Asks: 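Here it is, the structure in full.
Each chain gets a letter, A, B and so on, in the order the sequences are listed, and its residues count up from 1. Not measured: the values here are computed from a predicted model. Computed from heavy atoms alone, side chains included, the values below leave out hydrogens, waters and symmetry copies.
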2 protein chains.
Amino acid sequence: MDIRTRLISTAEQLFDRHGFTATGMDRLTHGAGISSRTLYKHVGSKNRLLAIVLDERDRRFMRSLASAVSVDELFGALGAWFVDEGARGCLFLRVWAETGGDVPEIVEAMTRHKARLRQRIEEIVEAEIGCRDDELAEAILLLVEGVTHAAAYRGSATVDVALRAARRLIEGARTQGLSS
Amino acid sequence: MDIRTRLISTAEQLFDRHGFTATGMDRLTHGAGISSRTLYKHVGSKNRLLAIVLDERDRRFMRSLASAVSVDELFGALGAWFVDEGARGCLFLRVWAETGGDVPEIVEAMTRHKARLRQRIEEIVEAEIGCRDDELAEAILLLVEGVTHAAAYRGSATVDVALRAARRLIEGARTQGLSS
DNA sequence: GGAAGTGTAAAACGATCACTTTACTTGCGC
DNA sequence: GCGCAAGTAAAGTGATCGTTTTACACTTCC
């Protein structure tokens, strides 16, 4: 495997499992099997490494949602993500809070990711009910954000609760659309 | 103000705003206006200080929800909390993840807090619809958890979206209760 | 066959980490 | 007025932080 790829995926795991600040450069170099000099040649600094990790994670996460055209598929993909990657809350929000919102690269990566997620949910809602519905999309976003964090302490079964709640909201929006 | 109280509230603010690991003992002692010797006499260690901070935060948070007997009041209290204390995601989940789930005192404080929150929501749901409804309570919990984290990047106005979604779910549960 | 590029190991950088210790002051009770 | 509890400032503990540097090995390409 490519050195850079190995470094980034190692860093993502360590940051996710032990936190950004608590993960030292020695654990990163040792984990990736490279020297510190090579690490700095490739990514420049710890903050830059985190920014790269976040962008890569965003790409992988969005790819896992790429084919979803219904809330069933949305929460199905989310459940699969939790099984594959674990559920410890949103990494973007966590490192954003951990760095106090003081690192511009991280603030931007977080903002970009959340905007894309919101956009993706908007598309899924539109595919589901046939028209745009900002209010409904925002509510589904809340359920997605909720299950992302609740799954950390209530387990992956919570995904089913979120799905059923989302179905109810969609059903409500459909009948409301018919009656109005 | 009492030294211990001052220390704990200072620590809560610093941990919340800058993260647990990133907050050094010098910032804590300086912020509370005490010597490091006094800090260690009072709380023993940084981890113990965090555990005390979390318990205190739990008490204050649950007190802010104590009078709520409807989802309107629940999300009203939540919105007020975000205005007063800021919205940077759940501190319990953040420090739990930051410490990799390795510190027993923190795992326990987090678990206790989430169990109490879940219990409180169950009571509110029961007061609202007249009977227990685990599924509905779990869905409201997801909305609460969702708005706690979404408010960090979408602003406090998201509370209204959560409230309207919760009302819909309650309405659905009521009509379902009548029809079945 | 020499230059350039890419990697290594390991030492050093000053700063900061959580925490302890030493030496000294202050206020209160008996 | 003596002792004791509770506070201070400040130095010191060894470890670890992110980052840079030095010295050297291995390809690859002209």
Asks: Classify B:T29 by what it touches in the nucleic acid, base, sugar-phosphate, or nothing, heavy-atom distance under 4.0 Å.
Replies: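 B:T29: no heavy atom of the nucleic acid under 4.0 Å.
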
Asks: How close or far is atom C1' of C:dG7 from atom CE of A:M1, stated in whole angstroms?
Replies: 18 Å

Asks: Side chain of B:M25: nearest nucleotide among C:dC19, C:dA10, D:dT8?
Replies: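 Ranking C:dC19, C:dA10, D:dT8 by closest atom to the B:M25 side chain puts C:dC19 first.
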
Asks: Taking for each residue the nucleotide of DNA chain D with the nearest heavy atom, is it A:N47 or B:T38 whose nucleotide lies nearer the 5' end?
Replies: B:T38

Asks: Identify which one of A:R48, A:R112, A:R116 satisfies the salt bridge (charged side-chain N to carboxylate O under 4.0 Å, His left out) criterion when paired with A:D55.
Replies: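 Answer to the salt bridge (charged side-chain N to carboxylate O under 4.0 Å, His left out) test with A:D55 among A:R48, A:R112, A:R116: A:R112.
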
Asks: So what does B:G44 hit on the nucleic acid, given a heavy-atom distance under 4.0 Å: a base, only sugar-phosphate, or nothing?
Replies: nothing

Asks: Between A:H42 and C:dT6, is there a side-chain N or O to OP1/OP2 distance below 4.0 Å?
Replies: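 So the side chain of A:H42 is outside the cut-off, no N or O lying under 4.0 Å from OP1 or OP2 of C:dT6.
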
Asks: Select one nucleotide: of D:dG7, C:dG7, D:dG18, the one nearest the side-chain heavy atoms of A:K46.
Replies: D:dG18

Asks: For the pair B:E171 and A:R168, find out whether any cationic side-chain nitrogen is under 4.0 Å from an anionic carboxylate oxygen.
Replies: no

Asks: Among D:dG7, C:dC19, D:dT19, which nucleotide sits nearest the side chain of B:S45?
Replies: C:dC19

Asks: Rounded to the Å, how far apart are A:L28 CG and D:dT19 P?
Replies: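 Taking atom P of D:dT19 as the reference, CG of A:L28 is at 11 Å.
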
Asks: Using whole Å, what does the distance between atom P of nucleotide C:dG5 and atom NZ of A:K41 come to?
Replies: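 Whole-Å distance recorded here is 9 Å.
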
Asks: Between A:I34 (CD1) and C:dT8 (P), how many Å, whole number?
Replies: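 Computing the A:I34:CD1 to C:dT8:P distance gives 6 Å.
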
Asks: Roughly how many Å is it from CG in A:L49 to P in D:dC17, rounded to a whole number?
Replies: 15 Å

Asks: With a 4.0 Å cut-off on N to O distance, would you call A:E12 and A:R60 a salt bridge?
Replies: yes

Asks: Atom CG of B:L50 and atom P of C:dC17: how far apart are they, to the nearest Å?
Replies: 17 Å

Asks: Rounded to the Å, how far apart are B:L39 CG and C:dC17 P?
Replies: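 Distance check: B:L39 CG to C:dC17 P gives 14 Å.
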
Asks: Let's see if you can work this out: which of D:dT19, C:dT20, C:dA9 has an atom nearest to the side-chain heavy atoms of A:Y40?
Replies: D:dT19

Asks: From NE2 of A:H30 over to P of D:dC17, roughly how many Å is that when rounded to an integer?
Replies: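 For the pair A:H30 NE2 and D:dC17 P, the rounded distance is 14 Å.
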
Asks: Between B:M110 and B:L54, is any pair of side-chain heavy atoms under 4.5 Å apart?
Replies: no

Asks: Could you please name the option among D:dA9, C:dT8, C:dC19 that lies closest to any side-chain atom of B:R37?
Replies: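 For B:R37, the side-chain atoms sit closest to D:dA9.
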
Asks: What are the two closest heavy atoms between A:A173 and A:D133, and how far apart are they?
Replies: CB-OD2, 4.0 Å

